[in-house]
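Before any comments, here is the structure.
Worth saying up front: this structure is predicted, and the values here are computed from it rather than measured.
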Amino acid sequence: MNGCPHAAELPTPEPSPRWETCPDCLESGQHPVQLRLCLSCGNVGCCDSSAGRHATKHAGDTGHQVMRSFQPGESWRWCYSCQSLV
């Protein structure tokens, strides 16, 4: 896991997604570009290519630093704090 201390703190098994899409985008009438799953709590947010950048906002608001892609066929993980793949 590339030495990221935040990845070692993640719950096992990973949390189930709380939604199928970004609820903040739905609420604001925006369209999410790509989805990200918070690996601390299961929040689903849009990526930084979306207008709202809700996954990054969630990480900043909650301190939940590790997410994974929530796109079909993708499983990569990213730590916002370490700014690296984990």
Please tabulate, one pair per line, all N/O donor-acceptor pairs under 3.5 Å involving side-chain atoms of residues 22-30, not counting sequence neighbours.
| residue | atom | partner | partner atom | Å |
| --- | --- | --- | --- | --- |
| S28 | OG | D24 | O | 3.0 |
| S28 | OG | C25 | O | 3.3 |
| S28 | OG | Q30 | OE1 | 3.4 |

Exercise for review: Return each pair, listed once, that meets ring-ring contact (aromatic ring centres under 6.0 Å, His included) where at least one residue sits in residues 8-57; pairs must be two or more places apart or across chains.
Suggested key: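 Output for this query is empty, none listed.
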Check your understanding: Which ring-ring contact (aromatic ring centres under 6.0 Å, His included) pairs, counting each pair once, include a residue from residues 55-75, with sequence neighbours left out?
Key ->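 Found H58-H64.
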**Study point:** Heavy-atom donor-acceptor pair, S50 side chain to G52 backbone, under 3.5 Å
**Key:**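 Such a contact is absent between S50 side chain and G52 backbone.
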Review point. Has the side chain of Q65 got a donor or acceptor atom that lies under 3.5 Å from a matching backbone atom of H6?
Key: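 No: the side chain of Q65 does not pair with the backbone of H6.
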**Study point:** Any pair counted as salt bridge (Lys or Arg N to Asp or Glu O under 4.0 Å), so long as it reaches residues 5-22, sequence neighbours left out
**Key:**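 Non-adjacent pairs meeting salt bridge (Lys or Arg N to Asp or Glu O under 4.0 Å): E14-R68, E14-R77.
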Check your understanding: Can you list every salt bridge (Lys or Arg N to Asp or Glu O under 4.0 Å) pair that touches residues 55-66, not counting sequence neighbours?
Key ->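 The answer is K57-D61.
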**Study point:** Residues W78, L85; criterion side chain to side chain contact (heavy atoms under 4.5 Å, CB included); working and verdict
**Key:** CA-CA 4 Å; W78 177 259; L85 292 170; 3.9 Å; yes
Check your understanding: Side chains of C4 and S81: does their closest heavy-atom pair fall under 4.5 Å?
Key ->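 A side-chain contact is absent here, since even the closest heavy-atom pair is not under 4.5 Å.
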Please tabulate, for the side chains in residues 36-49, all donor-acceptor contacts under 3.5 angstrom to protein atoms that are two or more places apart in sequence or on a different chain.
| residue | atom | partner | partner atom | Å |
| --- | --- | --- | --- | --- |
| D48 | OD1 | R53 | NE | 3.2 |
| D48 | OD1 | T56 | OG1 | 2.5 |
| D48 | OD2 | R53 | NH2 | 3.2 |
| D48 | OD2 | T56 | OG1 | 3.3 |

